[in-house]
> 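First the structure, which I've put down as structure tokens, then a few questions once you've had a look.
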Amino acid sequence: MDCKVSTNMALLQVGPAQKIRVIDSHTAGEPTRVVLDGGPDLGSGTFTQRRALFSARYDHYRRAIIQEPHGHQAMVGALLVEPTDCSCLTGVIFFNNVGYLGMCGHGTIGLVKTLQYLGRIGPGQHRIETPVGVITTWLDTDGQVTVTNVPSYRTDKDLSIQVPGVGTIVGDIAWGGNWFFITSDHGLDLDMTKIDELIALAHMIRDSVHAQGFRHVDHIELIGPAANPNAQGRSFVLCPGGAYDRCPCGTGLSAKLACLAADGQLAEGQPWIQEGILGSCFRGTYRWLENGQILPSITGTAYITAEATLLLDQSDPFCWGIGQ
Ligand code: PYC
């Protein structure tokens, strides 16, 4: 069969496909897929109701958009929805290979750059509604995006977690838009050459954190020294679906800032530059709120990598994704 014939046959086969239009980007190495058209209609309820509806009735869209063969484990999806707060440019619900996120720092940076790429926004301030609150973004003329996140705080300090086969690991639990167990007490180098060990250890820590009653913790953040002399720390973050965050994790950095602030190790307004496992950096600062929580701001940038139309051919047994 010559190439021309097989190409034509492929075109014939995709005729009845359902289409989902997306823009892909990466923020410091971590991918985001913004859904422009063809996603589920979640109605006009509260964000909690809409996220619950997404999960209960339209979870197959999440799987089709993020899982193989259209996506991959590390990708975070961003479904644009009408905001309920009219001061917001848009609402967004973030999702990944296993479920739904409260907030996503790198995803927000990717979303802002995507909206700029589409010509929908220019430099300046843009508010965005998420299921965990309204965030404020600032798109700079140099392409950097600063995300002023939801209020962040630490709930537990110096928790001793018994990890079978490893020993006791001491760390904190903090909220930065998602829940994190954060520890420097892991004994590993945060280096890509150790990625398999890091993933394995973080999984064991997460199982033990859950077994000790902290089931709400969905991300594990290991902290270590930075390689870059301009950075103050380096992180490795295990995401809920088992992928490691390629970037320094915006919500993880927010949670880390809450711990640094509570320990008096970082003053209000002072920058904390955190590297991720690839060596790419986010810059974080915070200000105190009257209730003792902090308001973190995270700065980074993103690059557009694709404009695509996902084709969901209903005769393809994997068109709604591989996996749960
Ligand atoms: O940047 O907040 C973040 C994030 C969460 C999960 C992956 N990245």
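In what follows, residues are counted from 1 in the order of the sequence shown. Atoms within a ligand are numbered from 1 in the order they appear, just like the ligands themselves.
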> Below 4.0 angstrom from a heavy atom of Gly250, which ligand 1 atoms are there? Numbered from 1 as shown, please.
1 (O), 2 (O), 3 (C)
> Considering both backbone and side-chain atoms of Asn178, is one of its nitrogen or oxygen atoms within less than 3.5 Å of a nitrogen or oxygen in ligand 1?
no
> Based purely on interatomic distance, does Gly105 place a nitrogen or oxygen under 3.5 Å from a nitrogen or oxygen of ligand 1?
yes
> Other hydrophobic cluster members with Leu295, side-chain heavy atoms of Ile/Leu/Val/Met/Phe/Trp/Tyr under 4.5 Å, chained?
Leu289
> When Ile298 is tested against each of Thr285, Thr251, Thr146, Leu257 for side chain to side chain contact (heavy atoms under 4.5 Å, CB included), which residue passes?
Leu257
> Check whether any N or O atom of His219, backbone or side chain, sits under 3.5 Å from an N or O atom of ligand 1, and answer yes or no.
no
> What atoms of ligand 1 come closer than 4.0 angstrom to any heavy atom of Cys104?
2 (O), 3 (C), 4 (C), 5 (C), 8 (N)
> Relative to the heavy atoms of Thr251, which atoms of ligand 1 are at a distance of less than 4.0 Å?
2 (O), 3 (C), 5 (C)
> Can an N or O of Leu101 be found at a distance shorter than 3.5 Å from an N or O of ligand 1?
no
> Hey, which atoms in ligand 1 end up nearer than 4.0 Å to a heavy atom of His106?
1 (O), 3 (C), 4 (C), 7 (C), 8 (N)
> Mind telling me whether Tyr286 and Trp288 have parallel, tilted or perpendicular rings, with 30° and 60° as the class edges?
perpendicular
> Suppose we screen for ring pair (Phe, Tyr, Trp, His ring centres under 6.0 Å). Which residues come up paired with His203, at least two apart in sequence or across chains?
none
> Kindly work out whether a path of hydrophobic side-chain contacts (I/L/V/M/F/W/Y, heavy atoms less than 4.5 Å apart) joins Leu201 to Ile182.
no
> For Glu82, is the CD atom crowded, meaning more than 12 foreign heavy atoms sit under 6.0 Å from it?
no
> On a heavy-atom basis, I'd like to know which of Thr108, Asp245, Ile109 is closest to atom 7 (C) of ligand 1.
Asp245
> Answer yes or no on whether Arg50 is positioned over the face of Phe47, meaning its NZ or CZ is under 6.0 Å from the six-membered ring centre and within 45° of the axis.
yes
> Quick one: does Met103 get a heavy atom under 4.0 Å from ligand 1?
no
